[in-house]
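Worksheet for the structure shown next.
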Amino acid sequence: MSSTIACCKEVFAIEYVHKYSLPHPFVSMLLRTLRRRTSRTGAACARSALIVPSTKLSSLAFSSGGEAHRWGSKTHRRVLTTPVPQTNVSGLHMEEYHALSNATMTVLLERLEGLLDELGNNDAEVDYHSGVLTLKLGPHGTYVINKQPPNKQIWLSSPISGPKRYDYVRATDDWRYSRDGQELSALMERELSETLGRDVRLGMGQVSDLA
């Protein structure tokens with residue numbers, strides 16, 4: 001009876017391996033464990049219950065998610081539940097990125113300081129340190145804008161629209177979010193105008209003119 005239970009447990013484990021297309025080394029490990037821990041009858045039972053014969057395991061081709069897996073003459077396809085992350089490849093040289101992003105952050109800081117001086121609101125403040133610009137608007141939330149050299153991007157965290165990543169687009173000479181095509185300063189102007197109840201113009205213009 002105990003050998004039958006052990007056999008069933010091992011068979012279930014091996015069926016799970018094949019059901020979810022786990023790598024061949026994992027199957028081999030289970031078989032080795034099976035031979036050590038079960039009786040001769042139990043081992044024979046488990047081997048006979050394999051979904052895929054051992055002669056076909058060598059033809060099983062494994063690759064990353066979304067690719068086809070061949071079991072003998074049959075083909076099975078696995079589908080990822082989450083999309084593969086997409087990375088934008090920037091053509092900017094690092095020196096050019098720093099020149100453009102530094103100029104953008106410096107001018108943006110100056111424009112926001114001027115805006116807060118006009119407002120005369122003690123609850124609002126702006127600060128720029130080590131590549132991170134922070135705009136605090138009291139009960140309206142906080143904007144964080146920072147350089148991201150590894151990606152050659154400028155990242156924005158907005159209390160209204162959430163996080164966005166901006167790439168420099170040479171054709172339009174500005175920083176744009178690839179998912180919606182919006183330009184960084186245009187988004188800031190619209191959101192700040194709605195939040196502050198007044199027309200806000202940052203006047204950033206062309207990025208290359210700022211550098």
Do you reckon Ile160 sits in the same ILVMFWY cluster as Trp155, going by side-chain contacts under 4.5 Å, direct or chained? no

In terms of the angle between their ring planes, are Trp175 and Tyr97 parallel, tilted or perpendicular, with boundaries placed at 30° and 60°? perpendicular

Side chains of Ser193 and Glu191: any donor to acceptor distance under 3.5 Å? no

Taking the side chain as every heavy atom from C-beta outward, state whether Val200 and Leu115 have any pair of such atoms under 4.5 Å apart. yes

Residues Arg201, Asp199: salt bridge by 4.0 Å N-O rule: yes

Between Glu183 (side chain only) and Ala186 (backbone N and O only), is there a donor and an acceptor less than 3.5 Å apart? yes

Can you give me the closest heavy-atom contact between Gly141 and Pro159, atom names plus distance? CA-CB, 4.0 Å

On a heavy-atom basis, which atom in Met105 and which in Gly131 lie closest, and how many Å separate them? CE-O, 3.7 Å

If you apply the rule side-chain contact (heavy atoms from CB on, under 4.5 Å), what do you find for Lys147 with Val132, and how did you get there? CA-CA 7 Å; Lys147 293 176 55 178; Val132 180; over 6 Å; no

Distance col, row Leu187:CG vs Ser158:OG, nearest 0.5 angstrom, shows 6.0 Å

Kindly work out whether a path of hydrophobic side-chain contacts (I/L/V/M/F/W/Y, heavy atoms less than 4.5 Å apart) joins Ile154 to Leu202. yes

Treat each ILVMFWY residue as a node, draw an edge where side-chain heavy atoms are under 4.5 Å apart, and state whether Val169 and Leu156 are in one component. no

Under the side-chain contact (heavy atoms from CB on, under 4.5 Å) test, which residues partner Thr106, sequence neighbours left out? Glu110

Run the side-chain contact (heavy atoms from CB on, under 4.5 Å) test on Glu96 and Lys152 for me, step by step, so that the C-alpha distance in whole Å, both residues' side-chain angles and the decisive distance to 0.1 Å come before the verdict. CA-CA 10 Å; Glu96 185 180 14; Lys152 299 177 184 177; over 6 Å; no

Would you please test Thr104 and Asp174 for side-chain contact (heavy atoms from CB on, under 4.5 Å) and show each step? CA-CA 9 Å; Thr104 299; Asp174 53 24; over 6 Å; no

Are Val144 and Leu108 linked, directly or through other ILVMFWY residues, by side chains that come within less than 4.5 angstrom of each other? no

Pair Leu196-Leu119, side-chain contact (heavy atoms from CB on, under 4.5 Å): steps then yes or no: CA-CA 9 Å; Leu196 301 176; Leu119 291 176; 3.7 Å; yes

Between CG on residue Leu137 and OG1 on residue Thr142, distance to nearest 0.5 Å: 7.0 Å

Give, for atom OH of Tyr166 and atom OG of Ser101, the distance between the pair rounded to the nearest 0.5 Å. 15.5 Å

Got a donor-acceptor contact below 3.5 angstrom from the Asp180 side chain to the Gln182 backbone? yes

Residues Tyr168 and Asp173: side-chain donor-acceptor under 3.5 angstrom: yes

Spacing of CD1 belonging to Ile145 relative to OG1 belonging to Thr134, to within rounding of 0.5 Å: 9.0 Å

Can Asp127 and Lys136 be counted as an ion pair, charged N to O under 4.0 angstrom? no

For Gly181 versus Arg176, what's the shortest heavy-atom pair and its separation? O-NH1, 2.6 Å

Let me confirm one number: the CE-CG distance from Met188 to Leu192, rounded to the nearest 0.5 Å. 4.5 Å

Could you report the tightest heavy-atom contact between Leu100 and Ser208, atom names first, then the distance? CD2-CA, 4.1 Å

Do NZ/NE/NH1/NH2 and the carboxylate oxygens of Arg111 and Glu189 come within less than 4.0 Å? no

Hey, are Arg198 and Glu118 close enough for a salt bridge, meaning a charged N less than 4.0 Å from a carboxylate O? yes

Sequence-distant partners of Glu113, side-chain contact (heavy atoms from CB on, under 4.5 Å), two or more places apart: Leu109, Val126

Would a hydrophobic clustering, with Ile, Leu, Val, Met, Phe, Trp and Tyr connected at side-chain separations under 4.5 Å, put Tyr128 with Leu135? yes

